[in-house]
Enquirer: 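Below is a structure I'd like to ask you about.
Here is the naming used below: chain letters follow the sequence lines, and residue numbers restart at 1 for every chain.
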Amino acid sequence: MNLRKLLDERIGRGMSKVSGAPALAVVTRSSRPEFGDFQANGAMALAKKLKRSPREIAAQVIDSIDLNGIADKIEIAGPGFINIWLSEAFLSSSICANNPLIEKTPQAQTVVVDYSSPNLAKEMHVGHLRSTVIGDCVTRVLSQLGHTVIRQNHVGDWGTQFGMLLTHMDELKDRKSAQKEELADLEFFYRAAKKRFDSDPEFADRARANVVALQSGNVDVLHTWQQFIDISLSHCEALYERLDIQLTRADVRGESAYNDDLKSVVEDLDSKGLLSESNGARCVFLDEFKNKDGEPLPVIVQKSDGGYLYATTDLSAVRHRFNKLRADRALYIVGAPQILHFQQIFAVARLAGYVTQNQELTHHSFGSMLAKDGKPFSTRKGGAEKLANLLDEAEERAFELVSSKSPEMNTAAKKSIARVVGFGAVKYADLSKNRTNDYIFDWDQMLSFDGNTAPYLQYAYSRIKSLFKRGEVDFSKIDSGISAQSAQEHQLAVCLLVFQETVESVGREALPHLLCNYLYELASNYMRFYEHCPVLSAEEDLRNSRLLLCKRTADTLKLGLSLLGIGTVERM
RNA sequence: GCGCCCGUAGCUCAACUGGAUAGAGCAUCGGCCUUCUAAGCCGAGGGUUACAGGUUCAAGUCCUGUCGGGCGUACCA
């Protein structure tokens, strides 16, 4: 149940009645406990419009709304806030086993999400984590809400750097073991190829020839290319699997997939009169984009030598997503440096009619990862930390911690907990921040296990499970409701009812940190409840009520964490 | 130069998109384990929300300007 929406509708109706025209209730969580559970702020704006006293308006609104069975106290406070206290009966009936944690949307859409999209020429590094985990979370959330999600891994599998890589691969062909060894570490392989390219002119010539051969469809070169792509993809897949990222080979649709369509895109733009020629290149000029001299900035779709660019590829991808995949929405989880690029692509796509008015096309950007010295990770010169190294370190540190906290556990159990906790911490570090700013990569911060981190949420969960085990609780025998009498129980109960609204927001805005904030608040509320309200030792009715609160909290934490792509453990 | 993004506690970040006394975590200091897991709980200190104006019942949030930072800005992706 979306509680806020419910209140917004109920109070909004009252507001509109008083106004004589549609008016918004503007319901939010109350800023402090003495102001109740929720507050409606719409009366002030309405009073302004009607040129009347806000408190008077608020009083009329209260008279005209029916919150029977939902609220047991409504008050006017300050300049005209309407404060609402939810009734215990409402909390009890809302938090019961047959109410689903998340309701499906009545308006299911087809949503394409473009995320992860690593460059296959190199190995995935820590900078790829952001897009990968955010996209993974967004797709899980949208699926949970009942939408049809189509994942698109727009990998970089085409371009001039492959000439150099394929040439180097050819050189090693006769020495199978050497080739295998080098390809096992793509970072090493890339550097070796680059070194040859820079130092050996003959090699560089062959590399350039291979680029041409590749682009013109030479069968042998294509075969080698396919081999390389397969190997590189399997590197990615190993990381996806470790991190439990829901991307498979079927979701891969790289740049090369659009090659055959590029000519058609350009022709189509031409037929629609959008194309003009400038310095030999074919471009779309848009009034809203200017270059550094204040002159119109082109979106170049075909170079003067006849070649195509990533703008062309992306236009083709847009067309594919809306025409072939029948998307209602297409979300791009790609870093901030590409803001202008996507603004241009989206504008052209709209002009060309690839996307209609009621179809959504949005770029969800985020800042780049910087090294400790504040400088960007160079993806050309190496120096970027391999994602695999981060994951190794996460497992090691978590293993040490588990070992020190629970020395009695066997190694296998410790290892399995270390994986869930370590990777959870890494993912949460990225998911919990909304910054469009750049941010500094820091091992200790990334691998922290204290405070507002995934392990805190996992700990809350395992504490609840441990409680059930100790109490030998059988929920099939508990059919009573909850009674939230203490402040801690009440806060926890209200918090549980905000889950739906939070998840819907994440689906709408593609902002996983909202879910992180929510789950942290939920876990904090639970911890306070746990400290103040004994569960197993309480008399039967109270014990059952508290057990039900625990159960709902555990279920919400587990589902919420799973939507973040983070696991839970029974013990830790 | 122009465009976009950003500037919140010592550090990393929130603030439900204009609402009441700007909140968390880390770090620092003090308390709480013979009662359900101390990866926890309770408490303290720490702020002119970069700066200056403006808009209004109400501004961290909107507008203008200044300073500081990042990114982008014609055939790489």
Side-chain angles (χ1 to χ4, degrees), chain A residues 4 26-32 34-35 39 41 44-45 47-48 54 77-81 83 119 156 158-161 255 278-283 288-295 297-305 307-311 313-314 335-341 343 365 367-368 370 374 376 401-402 404-406 421 429 432-440 442 444-445 448-453 455-456 458-460 462-464 466-471 498 501-502 505 509 513-514 516-518 520-521 524 527-528 530-538 550 571-572:
Chain A
R4 176 135 73 120
V26 196
V27 172
T28 67
R29 294 285 294 285
S30 291
S31 50
R32 338 170 107 256
E34 59 263 39
F35 298 148
Q39 59 182 67
N41 302 331
M44 275 94 72
K48 173 110 184 156
F81 297 106
N83 292 335
N119 179 1
W158 203 251
T160 48
Q161 77 257 51
E255 290 163 354
S278 177
N279 297 330
R282 309 185 81 185
C283 321
E288 60 263 48
F289 302 107
K290 308 259 190 249
N291 73 5
K292 50 189 160 189
D293 301 318
E295 288 153 10
L297 182 67
V299 180
I300 301 176
V301 293
Q302 190 169 20
K303 296 193 282 184
S304 48
D305 68 2
Y308 302 103
L309 298 103
Y310 80 136
T313 308
D314 275 329
Q338 303 210 32
I339 285 176
L340 177 60
H341 167 69
Q343 280 177 348
S365 67
S368 314
L370 304 178
L401 188 62
V402 177
S404 72
K405 299 278 181 189
S406 310
V421 169
S432 60
K433 293 169 184 59
N434 181 33
R435 291 270 128 174
T436 55
N437 275 354
D438 292 342
Y439 63 113
I440 305 219
D442 177 40
D444 295 325
Q445 213 176 290
S448 166
F449 303 118
D450 296 317
N452 187 357
T453 61
Y456 179 86
Q458 292 164 327
Y459 181 61
S462 69
R463 270 182 137 180
I464 301 174
S466 157
L467 197 65
F468 295 162
K469 197 182 278 178
R470 177 178 284 263
V498 185
E501 169 199 331
T502 306
S505 299
E509 315 280 347
H513 85 285
L514 296 176
C516 294
N517 289 171
Y518 169 77
Y520 182 67
E521 189 194 338
S524 307
M527 292 292 194
R528 279 194 282 275
Y530 183 89
E531 297 287 336
H532 290 95
C533 305
V535 177
L536 297 178
S537 58
C550 290
R571 288 179 61 205
M572 65 184 277

Enquirer: What about A/Arg470: does its side chain form a donor-acceptor pair under 3.5 Å with the base of B/U35?
Expert: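 A donor-acceptor contact between them is absent.
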Enquirer: Whom does B/G40 pair with, Watson-Crick or G-U wobble, provided both distances fall under 3.5 Å?
Expert: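 Result: B/C32.
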Enquirer: Looking for any heavy atom pair under 4.0 Å, which part of the strands does A/Ser278 touch: base, sugar-phosphate only, or nothing?
Expert: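 A/Ser278: base contact, heavy atoms under 4.0 Å.
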Enquirer: What's A/Thr436 touching, base or sugar-phosphate or nothing? Going by heavy atoms closer than 4.0 Å.
Expert: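 Since only primed, P, OP1 and OP2 atoms lie under 4.0 Å of A/Thr436, the category is sugar-phosphate.
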Enquirer: With sugar-phosphate meaning primed atoms plus P, OP1 and OP2, does A/Asn41 contact a base, only sugar-phosphate, or nothing at under 4.0 Å between heavy atoms?
Expert: base
Enquirer: Tell me whether the side-chain N/O atoms of A/Tyr308 come closer than 4.0 Å to OP1 or OP2 in B/C75.
Expert: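 Checking B/C75 against A/Tyr308, no side-chain N or O comes under 4.0 Å of OP1 or OP2.
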Enquirer: Decide, yes or no, whether a salt bridge links A/Arg29 with A/Glu501 under the criterion of side-chain N to carboxylate O below 4.0 Å.
Expert: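 The answer is no: the pair does not qualify as a salt bridge.
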Enquirer: With a non-hydrogen cut-off below 4.0 angstrom, is A/Ala77 in contact with a base, only sugar-phosphate, or nothing?
Expert: base
Enquirer: Rounded to whole Å, how long is the line connecting atom CG of A/Asn119 with atom P of B/A77?
Expert: 11 Å
Enquirer: Taking the same atom, C1', in B/A39 and in B/A14, what whole-Å distance lies between them?
Expert: 22 Å
Enquirer: Tell me whether the rings of A/Tyr310 and A/His341 are parallel (<30°), tilted (30 to 60°) or perpendicular (>60°).
Expert: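 Parallel: the ring planes of A/Tyr310 and A/His341 meet at under 30°.
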Enquirer: Taking N and O atoms by type only, does the side chain of A/Asn83 place a donor or acceptor under 3.5 Å from a partner on the base of B/A20?
Expert: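 Per atom types, the contact qualifies.
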Enquirer: Within the pair A/Tyr456 and B/A38, is there a side-chain N or O less than 4.0 Å away from OP1 or OP2?
Expert: no
Enquirer: Assign A/Ile300 to base, sugar-phosphate, or nothing according to its heavy-atom contacts below 4.0 angstrom with the strands shown.
Expert: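 Base contact - A/Ile300 has a heavy atom under 4.0 Å of at least one base atom.
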Enquirer: Among B/U8, B/G40, B/U17, which is the nearest nucleotide to the side chain of A/Arg463?
Expert: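 In terms of side-chain proximity for A/Arg463, the closest of B/U8, B/G40, B/U17 is B/G40.
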Enquirer: Quick check on B/A39: is either OP1 or OP2 less than 4.0 Å from any side-chain nitrogen or oxygen of A/Tyr459?
Expert: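 Yes, A/Tyr459 has a side-chain N/O under 4.0 Å of OP1/OP2 on B/A39.
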Enquirer: Tell me the interatomic distance from A/Met44, atom CE, to B/U56, atom P, rounded to whole angstroms.
Expert: 17 Å
Enquirer: Pick base, sugar-phosphate or nothing for A/Ser462, based on heavy-atom distances below 4.0 Å to the nucleic acid.
Expert: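 It contacts base atoms.
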Enquirer: Can you tell me the Watson-Crick or wobble partner of B/U73, both distances under 3.5 angstrom?
Expert: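 B/G1 - that is the nucleotide pairing with B/U73, both distances being under 3.5 Å.
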Enquirer: Is there a Watson-Crick or G-U wobble partner for B/G45 with both distances under 3.5 Å, and if so, which one is it?
Expert: none
Enquirer: Any strand counts, and the cut-off is 3.5 Å on both contacts for Watson-Crick or G-U wobble. Which nucleotide pairs with B/A58?
Expert: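 By the stated definition (distances under 3.5 Å), nothing pairs with B/A58.
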Enquirer: A/Ser466 side chain N/O closer than 4.0 Å to the phosphate oxygens (OP1, OP2) of B/U37?
Expert: yes
Enquirer: Pair A/Tyr530, A/Cys550 - check side-chain contact (heavy atoms from CB on, under 4.5 Å), show working.
Expert: CA-CA 9 Å; A/Tyr530 183 89; A/Cys550 290; over 6 Å; no
Enquirer: Let me know the distance between CD of A/Glu531 and P of B/U35, rounded to the nearest Å.
Expert: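 Between P of B/U35 and CD of A/Glu531: 12 Å.
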Enquirer: Just the rounded figure in Å: distance from P of B/A39 to OH of A/Tyr530.
Expert: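 It is 11 Å, rounded to the nearest whole Å.
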Enquirer: Strictly below 4.0 Å: does A/His513 bring a side-chain N or O up to OP1 or OP2 of B/A15?
Expert: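 Checking B/A15 against A/His513, a side-chain N or O does come within under 4.0 Å of OP1 or OP2.
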Enquirer: Examine the base of B/U12 for any acceptor or donor lying under 3.5 Å from a partner atom in the side chain of A/Arg435, and report the outcome as yes or no.
Expert: no
Enquirer: Only pairs with both distances under 3.5 Å count, Watson-Crick or wobble alike; so what is the partner of B/G18 in this structure?
Expert: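 Its partner: none found.
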Enquirer: Considering Watson-Crick and G-U wobble pairs with both distances under 3.5 Å, what does B/G7 pair with?
Expert: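 Paired with B/C67.
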Enquirer: With centres under 5.5 Å and planes under 30° as the test, does A/Phe35 stack with B/A20?
Expert: yes
Enquirer: Let me know the distance between CG of A/Asn434 and C1' of B/C13, rounded to the nearest Å.
Expert: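 Whole-Å distance recorded here is 10 Å.
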